[in-house]
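Starting from 1, each residue takes its place in the sequence as its number.
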Amino acid sequence: MVNRKYSKDLVDGPHQAASRSMLRGAGFTSEDFSKPFVGIASTGAKVTPCNMHINDLANVVEDSINEAGGKGVLFNTITVSDGISMGTQGMKYSLVSREVIADSIETVVGCLGYDGVIAIGGCDKNMPGCLIGLARLNRPSIFIYGGSIRPSEENTDYVTVCEKVGEYAKGDISEEELIEIETISVKGPGSCGGMYTANTMASAIEALGMSLPGSSSQDALSNNKIEDCEAAGRAVMGLLEKDIKPSDIMTKKAFENSITVVIALGGSTNAVLHLLAMAHAIGIDLNLDDFSRIGKKTPVIADLKPFGSHFMSQLNAQGGIEPVMKMLFEKGLLHGDCITVTGKTLKENLKNVSGYTKDQSIILGLDNPIKNNSHLRILYGNLAPEGAVAKITGKEGTSFTGIAKVFNSEEEGLKAILNKLINPGDVIIIRYEGPKGGPGMREMLKPTSAIMGQGLGDKVAFLTDGRFSGGTHGFVVGHITPEAFDGGPLAVVKDGDKITIDADKDVLMIDISDEEILERISEWTNPIKLPKKGVLAKYAKSVKSASLGAITD
């Protein structure tokens with residue numbers, strides 16, 4: 001039986017003649033009206049290298065659906081670029097775009113009666129945005145990752161450029177040398193090539209079971225990526241036939257698999273924010289403590305940038321993340337009974353996967369990890385009563401005590417770093433950058449890259465109620481909740497306060513009494529004035545705490 005649960009109401013029967021006439025004008029034939037309609041949500045746009053090729057991939061997907069007996073219908077949603085807007089007011093729109101994308105996919109598919117959906121994403125926020133939209137709709141669905149960019153011949157990338165800005169500010173390189181790195185480091189389509197947020201989320205989604213095996217590691221420009229798109233059309237028809245929906249795939253066990261893979265690969269802190277939001281969209285109870293629970297038993301085994309030395313394209317040449325998943329499964333760290341978009345279980349998908357060659361140095365063995373447990377630490381304490389998310393690999397140590405140097409915006413903090421006003425032992429605090437206070441929870445890649453570029457990565461710590469780019473490394477803690485805008489303790493930290501971050505005990509503390517904190521809060525006045533209209537105003541009114549995933553419903 002062909003699954004036409006939604007499209008039949010749109011086009012079946014004499015009373016729907018007017019609807020069919022419009023569709024005929026859009027190129028539908030009489031035969032198409034008896035086929036399941038599959039929407040193709042493309043995030044293709046020429047605004048960023050990450051997505052500039054995705055409309056071409058969407059055309060391949062449309063052909064593959066039609067050849068498999070469905071009717072593919074292509075539509076577009078938006079994308080923005082973190083990398084381009086980083087460090088500017090424009091970055092406030094980045095996390096907001098996740099919600100716009102989810103809303104737009106839900107709106108188009110819900111309005112036009114598509115029976116299934118394939119979404120194609122290629123940059124940080126459009127991937128979880130796609131998944132949130134697919135989860136809300138809960139129709140047979142597949143996600144396709146647009147793929148990674150290849151590094152330059154000199155082994156540089158976007159994050160290299162960011163860190164070179166810090167070297168320039170320190171005086172270690174000239175402006176001409178900086179521009180030379182800028183010129184060579186980002187060429188052609190594809191998402192940033194390390195285990196930054198894009199590749200982290202692609203890997204998380206593959207581990208979740210919502211993309212086809214291999215999709216998360218493939219190069220943007222490759223035969224493998226074309227084959228991934230061609231296979232998706234056949235696969236979605238199989239999901240329609242069996243009526244396998246996201247709610248069948250995106251289970252609590254599947255999210256646990258996703259978290260495990262993110263940790264093993266050394267992924268981005270943004271995975272915490274996005275997985276919480278994706279779980280909420282599908283009705284799964286996932287919380288910060290799940291990351292701690294899974295993190296205690298999951299080692300970091302991937303030598304990938306930003307803290308490692310390899311790119312995703314190099315891992316793809318070794319077989320992608322499937323061999324990692326097989327290693328984890330064989331050690332009892334993944335649930336093999338989770339159904340995936342192949343229509344098979346994870347265990348079945350991994351059955352014939354070969355291991356890595358012995359001479360590769362990207363993935364270490366589980367008995368010889370980079371870190372014995374998670375680099376993603378969920379910290380609590382009197383500075384983060386509702387939790388914070390740290391990215392601590394151990395390369396800079398696992399604890400830090402220092403003196404607070406406080407800034408009320410990213411711009412203020414970055415200016416101080418570039419002007420060499422930061423000293424070893426400082427705990428840099430950039431606040432009022434949370435989901436509401438930003439509004440939009442900006443990423444702090446420019447200041448953290450400037451810190452690394454100036455050689456301070458193991459000498460200072462960095463705290464914020466904002467977020468970090470997947471390209472960030474160093475001793476960093478973000479997502480501090482309650483955020484400063486809501487009168488959380490972060491709002492009343494003063495220059496000179498003693499701060500302790502302990503990633504062994506998972507504690508974030510300010511060395512003053514609870515009574516002193518309450519007294520400061522009682523005297524605090526919120527200095528932030530929110531926008532009165534527009535999308536940022538709407539977002540600030542609806543967004544919830546980062547500890548809940550910065551959800552908006």
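- Between Leu208 and Phe143 the shortest side-chain heavy-atom distance does not fall below 4.5 Å.
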With ring pair (Phe, Tyr, Trp, His ring centres under 6.0 Å) as the criterion, how do Tyr93 and Tyr539 come out once you've worked through the C-alpha distance, each side chain's angles and the decisive distance to 0.1 Å? CA-CA 10 Å; Tyr93 292 88; Tyr539 186 79; 9.8 Å; no
Full working for side chain to side chain donor-acceptor pair (under 3.5 Å) between Ser185 and Asp157: CA-CA 5 Å; Ser185 293; Asp157 68 349; over 6 Å; no
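- For the pair Gly267 and His375, the tightest heavy-atom approach, listed with the atom from each and the gap, is O-NE2, 2.7 Å.
- Residues Lys187 and Ser152 form no side-chain contact, since every pair of their non-hydrogen atoms from C-beta on lies 4.5 Å or further apart.
- For Tyr196 and Tyr158, the ring centers are positioned 6.0 Å apart or more.
- A donor atom on one side chain and an acceptor atom on the other are not found under 3.5 Å apart for Gln454 and Lys170.
- Thr500 and Asp511 share no side-chain donor-acceptor pair at under 3.5 Å.
- Counting only N and O atoms by type, the side chains of His280 and Asp285 include no donor and acceptor under 3.5 Å apart.
- Of all non-hydrogen atoms in Ala491 and Ala484, the two that sit nearest each other are CB-O, 3.5 Å.
- Side-chain atoms of Asn76 and Asn55 form a donor-acceptor pair, as typed in the model, at a separation below 3.5 Å.
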Criterion side chain to side chain donor-acceptor pair (under 3.5 Å) on Ser215 and Glu206, from CA distance to verdict: CA-CA 7 Å; Ser215 184; Glu206 181 175 332; 5.8 Å; no
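- For the pair Met201/Tyr145, no side-chain contact is recorded, criterion being any heavy-atom separation below 4.5 Å from C-beta on.
- Side chains of Glu443 and Asn270: a donor on one and an acceptor on the other come within 3.5 Å.
- Aromatic ring centres of Phe400 and Phe475 lie closer together than 6.0 Å.
- Proximity of Gln314 to Arg150: side-chain heavy atoms (C-beta onward) are nowhere separated by under 4.5 Å.
- Ser85 meets the side-chain hydrogen bond (donor to acceptor under 3.5 Å, both in side chains) test with no other residue; sequence neighbours excluded.
- Side chains of Thr43 and Thr77: no donor on one and acceptor on the other come within 3.5 Å.
- Evaluated for a side chain to side chain contact (heavy atoms under 4.5 Å, CB included) with Met195, the options Val262, Thr200, Asp303 yield exactly one hit, Thr200.
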Check the pair Glu163, His473 against side chain to side chain donor-acceptor pair (under 3.5 Å), reporting the backbone distance first and the verdict last. CA-CA 11 Å; Glu163 295 184 0; His473 56 127; 2.7 Å; yes
